[in-house]
Amino acid sequence: MNNHTKILLTEDEMPKAWYNIQPDLPEPLPPTLHPGTGQPVGPQDLAPLFAMELIKQEVSQERYIEIPEEVQEVYKLWRPTPLLRAKRLEKLLGTPAKIYYKYEGTSPAGSHKPNTAVPQAYYNMKEGTKRITTETGAGQWGCALSLACSLFHMECKVYMVKVSYFQKPYRRSMMEVYGASVVASPSPDTNAGRMALEADPQSNGSLGLAISEAVEDAAMREDTKYSLGSVLNHVLMHQTVIGQEAKKQMEKADAYPDIVIGCVGGGSNFAGVAFPFVKDKLEGKNIRIVAVEPEACPTLTKGVYHYDFGDTAQLAPIVKMYTLGHTFMPAGIHAGGLRYHGMSPLVSELYDHKIIEAVAVHQVPVFDAAVEFARTEGILPAPESAHAVKVAIDEALACKESGEAKNILFNMSGHGLFDMGAYDAYLAGKLEDYAYPRAKVEEALAHLPNV
Ligand SMILES: *Cc1c(COP(=O)(O)O)cnc(C)c1O
């Protein structure tokens, strides 16, 4: 298949286990701390929020964890996803490099997020949960979890960051089609929301604040648990079906990547494509692994590696991660997503150990890259995914300079068909580049927990 455009796997070739990177880390992750006491959390502290099986996965040292039969059955609705070779883009760029991309936009929600929403809903259903709460920024996670809850017959309540709630009404409709109830955050439904509204009735909201609302809601009700779409260890592990499939597909194409690229918000799609290759790197393979983030939310490249709260109201556990501070508020002008203040502890540790690299990019060149991709390859990338496209193009152009025929693999984490507002703004010339100022980072860091 070394000259094919699409490299496909059959359902029988789908991974039967998730890859847990924890036993392969250079050192164990630092403990997660309780937001109230500052002491390490145990399973009992997390039990009001998460299904027990997910809590176990969060700290598991098993290298492979079997994917339950029922979850595999749901995965088969769209998995295995295709690996494509971007031949037309290569030609346009005039590069000797080969550009491969794994396309996760084929899921019903249009992104990689159902890879974890489905098992999270499944384990909750098994343990008797009737209702799940969550937050959503751009709306992809809310759609994925709403879908998963509908498949396993549970209620779903989504706190949607207010600015997106009004900018992306069709995402809200989609969640409602799947039976979820959706409110704009900050909302009057929780203490955290009411306090934020009192402080600023015009508040646009933020992911950190929406998390506070969803966590508070779940903690208040016996029948309800909370679900997070990124950052946590078990979430990243569920996404490793992406990289395991990609590895098999690259083998079929008779190629091995020299560079693996993924965009990073909380780190889940990046981890999904990258961790199975990180394993190879730790075993001695010569491979570069690059995380791409926006200049407007430069968590890895400008943040610090420090314990911080996962949310604004300081209800979520404290973890050691790269962070811009839990008080971070993204600039309104930024259209490209990837707005979370922190980074998954797993990705943070790998970055701190220089096993992976990070690069920050400006939004206008990101949309330039997205449009170039759409006009050659047809797929209209999610603005988030376009960050990976941008760096894949940069690397392919570097190959043109050096004459090297490298294999570049990136994760196309989703399509952009619900994000036409961002494309409208770009096409109308209304997007500006915005780099989060270093002074604001310093200011936010003053509020880090003292542990
Ligand atoms: C949510 C999302 C991201 C960012 O989240 P990660 O956890 O960093 O992957 C990236 N791409 C798409 C399409 C998304 O929906």
Side-chain angles (χ1 to χ4, degrees), residues 78 81 101-117 120 134-147 158 160-161 164 168 171 174-175 207 210-211 227-243 260-275 290-294 296-300 310 321-322 330 334-348 350-351 356 358 360-361 366 370 373 379-391 410-419 422:
W78 71 94
T81 61
Y101 64 99
K102 184 74 169 150
Y103 185 38
E104 290 294 310
T106 57
S107 84
S111 77
H112 65 291
K113 290 198 169 77
N115 295 333
T116 184
Q120 289 195 50
T134 198
E135 71 292 330
T136 196
Q140 289 109 324
W141 172 241
C143 287
L145 191 69
S146 305
L147 159 72
V158 181
M160 185 170 187
V161 178
S164 306
K168 302 179 191 191
R171 286 265 189 215
M174 185 167 174
M175 292 183 248
L207 264 184
I211 294 175
S227 174
L228 190 62
S230 187
V231 179
L232 298 178
N233 306 338
H234 66 269
V235 177
L236 273 60
M237 183 186 77
H238 297 155
Q239 294 295 350
T240 58
V241 288
I242 302 172
V260 177
I261 300 165
C263 66
V264 282
S268 74
N269 89 87
F270 167 77
V273 72
F275 282 5
V290 185
V292 190
E293 61 185 13
C297 186
T299 315
L300 289 170
M321 60 181 173
Y322 275 84
H334 176 63
L338 309 173
R339 294 181 182 87
Y340 186 58
H341 69 272
M343 183 53 62
S344 127
L346 287 170
V347 171
S348 294
L350 294 172
Y351 182 62
I356 62 166
V361 290
V366 162
F373 190 87
I379 293 168
L380 206 146
E384 292 88 350
S385 319
H387 288 73
V389 176
K390 161 73 181 142
V391 171
F410 76 89
N411 193 31
M412 176 67 83
S413 49
H415 67 63
L417 299 188
F418 284 96
D419 256 311

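Order of appearance sets the numbers: ligands from 1, and atoms from 1 within every ligand. All residue numbers in this chain count up from 1 along the given sequence.
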Inset, instruction - Test K102 against every option in N411, N269, T81 by the side chain to side chain donor-acceptor pair (under 3.5 Å) rule and name the one that passes. - result: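 The passing option is T81.
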Show me which atoms of ligand 1 lie under 4.0 Å from any heavy atom of [X].
X	result
L338	4 (C)
G414	13 (C)
S111	13 (C), 15 (O)
S230	6 (P), 7 (O)

Test of proximity, [X] against ligand 1: N or O pairs below 3.5 Å:
X	result
V264	no
G267	yes
G229	no
S268	yes

For [X] against [Y], the heavy-atom pair lying closest together:
X	Y	answer
G139	M175	O-CE, 4.1 Å
H112	S268	NE2-OG, 3.2 Å
G265	M343	O-CE, 3.2 Å

Inset, instruction - Would you check if V361 and V292 make a side-chain contact, meaning some heavy-atom pair closer than 4.5 Å? - result: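 A side-chain contact exists here, since the closest heavy-atom pair is under 4.5 Å.
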Inset, instruction - Return the residue, atom name and 0.1 Å-rounded distance of the protein heavy atom closest to atom 8 (O) of ligand 1. - result: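 For this ligand atom, the closest protein heavy atom is G265 N, 2.7 Å.
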Legend entry - K113, H112, Q140: member with heavy atom nearest to atom 1 (C) of ligand 1: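 Comparing heavy atoms across K113, H112, Q140, the nearest one to atom 1 (C) of ligand 1 lies in K113.
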Legend entry - Contact partition for V231 relative to ligand 1, non-hydrogen atoms under 4.0 Å: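 None of V231 does.
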Inset, instruction - Check S413 against ligand 1 and report side chain, backbone, both or neither, counting heavy atoms closer than 4.0 Å. - result: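 Both of them.
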Legend entry - Near-ring test Y101/F373, centroid separation under 6.0 angstrom: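 Here the rings of Y101 and F373 have centres that are less than 6.0 Å from each other.
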Inset, instruction - Compute whether any side-chain donor of one residue and acceptor of the other, for E104 and S413, lie under 3.5 angstrom apart. - result: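 No donor-acceptor contact under 3.5 Å links the two side chains.
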Legend entry - Derivation of the side chain to side chain donor-acceptor pair (under 3.5 Å) call for S230 and W141: CA-CA 9 Å; S230 187; W141 172 241; over 6 Å; no
